[in-house]
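Contents: one structure, followed by commentary.
Whatever order the structure lists ligands and atoms in, that order sets their numbers, starting from 1.
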Amino acid sequence: MDKTNINEQAVLLATQPVPQHVAVIMDGNGRWAKSRGLPRVAGHRKGVERVRDMVTACVEKGVQYLTLFAFSSENWRRPMQEVQLLMELFLTALDNEVKKLHKNNVRFRVIGDTERFGEKITSRILQAETLTRDNTAMTLIIAANYGGRWDIAQACAELARRAMSGEIDPQSITEESLEPFLSLAGVPEPDLFIRSGGEQRVSNFLLWQLAYTEMYFTPVLWPEFDRTQFEQALVSYAGRQRRFGLTGEQIETARHA
Ligand code: IPE
Ligand code: IPE
Ligand code: MG
């Protein structure tokens with residue numbers, strides 16, 4: 001792609017008032033439950049309700065992709081009982097929510113190393129993805145057993161396999177060569193990243209894809225991250241100037257051209 005095209009693309013992204021892709025770390029379920037004297041899983045259950053709200057809000061606002069971090073590759077380190085309950089919740093949510101998503105014309109996808117979840121969950125995921133594959137209102141992507149480093153490493157492994165078989169010349173590998181093998185291949189990079197729960201870190205979420213994403217951190221715990229909270233994040237996003245390395249003047253000139 002030549003320089004003019006890259007600039008045009010940057011300006012296009014910089015001037016869109018609504019993010020095309022929102023990526024969320026839904027954090028704070030455990031603390032929310034604890035503060036009410038409830039078991040941690042009660043917070044996770046409440047969290048599922050907020051997911052429902054988010055999907056509805058995104059469809060209404062015209063956000064095309066919503067990627068939610070549901071379980072990280074590091075979350076296996078939690079007490080076995082919590083991991084077990086999270087898996088059960090995931091399974092129940094798959095059973096209960098997918099029909100509704102389909103009815104609302106939402107496409108459902110899962111990214112991450114899902115093999116480790118076992119047959120029952122992986123087959124449900126496949127069913128859900130197949131059922132909703134042609135839906136067009138928006139795409140909901142759940143990151144489960146996902147890690148940003150895992151994603152980059154598995155894409156590199158695929159590139160290496162192709163280089164070994166002679167399909168790809170290692171000399172010609174560029175940043176763009178990796179993209180088709182990443183979990184979010186073909187999906188525009190997130191415009192807005194939201195993390196609830198007060199921590200200001202990425203926790204091994206979409207490392208590659210967040211390179212130019214606008215970051216929004218809020219102390220609000222995920223079970224309380226309602227529509228109003230989301231709207232505040234969208235307002236914050238709309239008020240920013242994304243520059244992608246250009247100058248503010250270049251963006252402004254293009255905006256008024
Ligand atoms: C996020 O909430 C959900 C998952 C990681 C599955 P947490 O469970 O991390 O909640 P806190 O951070 O302990 O409050
Ligand atoms: C990140 O939250 C993962 C998910 C929300 C699924 P964590 O609660 O696991 O992150 P850390 O451990 O505080 O960084
Ligand atoms: Mg947490």
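Nearest heavy atoms, A10 versus L246: CB-CD1, 4.1 Å. Nearest heavy-atom pair across K99 and D95 is NZ-O, 3.5 Å.
Applying the 4.0 Å criterion to heavy atoms of R31 picks out, from ligand 1, the atoms 11 (P), 12 (O), 14 (O). Near F71, with a cut-off below 4.0 Å to any heavy atom, the atoms of ligand 2 are 6 (C). For ligand 2, the atoms sitting less than 4.0 Å from at least one non-hydrogen atom of D27 are 2 (O), 8 (O), numbered in the order shown with element in parentheses. Of all atoms in ligand 1, numbered sequentially from 1 with element shown, those under 4.0 Å from a heavy atom of A70 are 6 (C).
Under a hydrophobic-cluster definition in which Ile, Leu, Val, Met, Phe, Trp and Tyr are linked whenever side-chain heavy atoms come within less than 4.5 Å, directly or via other members, F244 and V11 are assigned to different clusters.
No close placement of the F230 and W222 rings is indicated, their centers lying 6.0 Å or farther apart.
In this structure, the protein non-hydrogen atom closest to atom 14 (O) of ligand 2 is S203 OG, 2.6 Å. Residue, atom and distance of the protein heavy atom nearest to atom 1 (C) of ligand 2 are I25 CG2, 3.8 Å. Scanning the protein heavy atoms around atom 13 (O) of ligand 1, the nearest turns out to be R40 NH2, 2.9 Å.
Counting only non-hydrogen atoms, the option in E199, R78, K34, H44 that gets closest to atom 9 (O) of ligand 1 is R78. Checking M26, R195, R201 against atom 10 (O) of ligand 2, the nearest heavy atom belongs to R195.
Neither the backbone nor the side chain of F205 has any atom closer than 4.0 Å to an atom of ligand 2 (non-hydrogen atoms only). Only the side chain of N75 comes within contact range of ligand 1, with a heavy atom under 4.0 Å; no backbone atom does. For S72, no heavy-atom contact with ligand 1 is shorter than 4.0 Å.
Between E158 and R162 there is a salt bridge, since a side-chain N of the basic residue sits under 4.0 Å from a carboxylate O of the acidic one. Salt-bridge formation is detected for the pair E49/K46: a Lys NZ or Arg NE/NH1/NH2 atom is positioned less than 4.0 Å from an Asp or Glu carboxylate oxygen. In this structure, E224 does not pair ionically with R31, as no charged nitrogen and carboxylate oxygen lie closer than 4.0 Å.
Ligand 1 lies out of reach of G197, whose nearest heavy atom is not under 4.0 Å from it.
Proximity of a side-chain donor or acceptor of T213 to a complementary backbone N or O of P190 within less than 3.5 Å is detected. A donor-acceptor pair is defined here as one N or O able to donate and one able to accept, closer than 3.5 Å; such a pair exists between the side chain of R50 and the backbone of P223.
Of all the N, O or S atoms in D27, the one closest to the Mg ion (ligand 3) is OD1.
No option in R240, H21, R242, Q20 other than R242 meets the side chain to side chain donor-acceptor pair (under 3.5 Å) test with D191.
Residue N29 has at least one N or O atom closer than 3.5 Å to an N or O atom of ligand 1.
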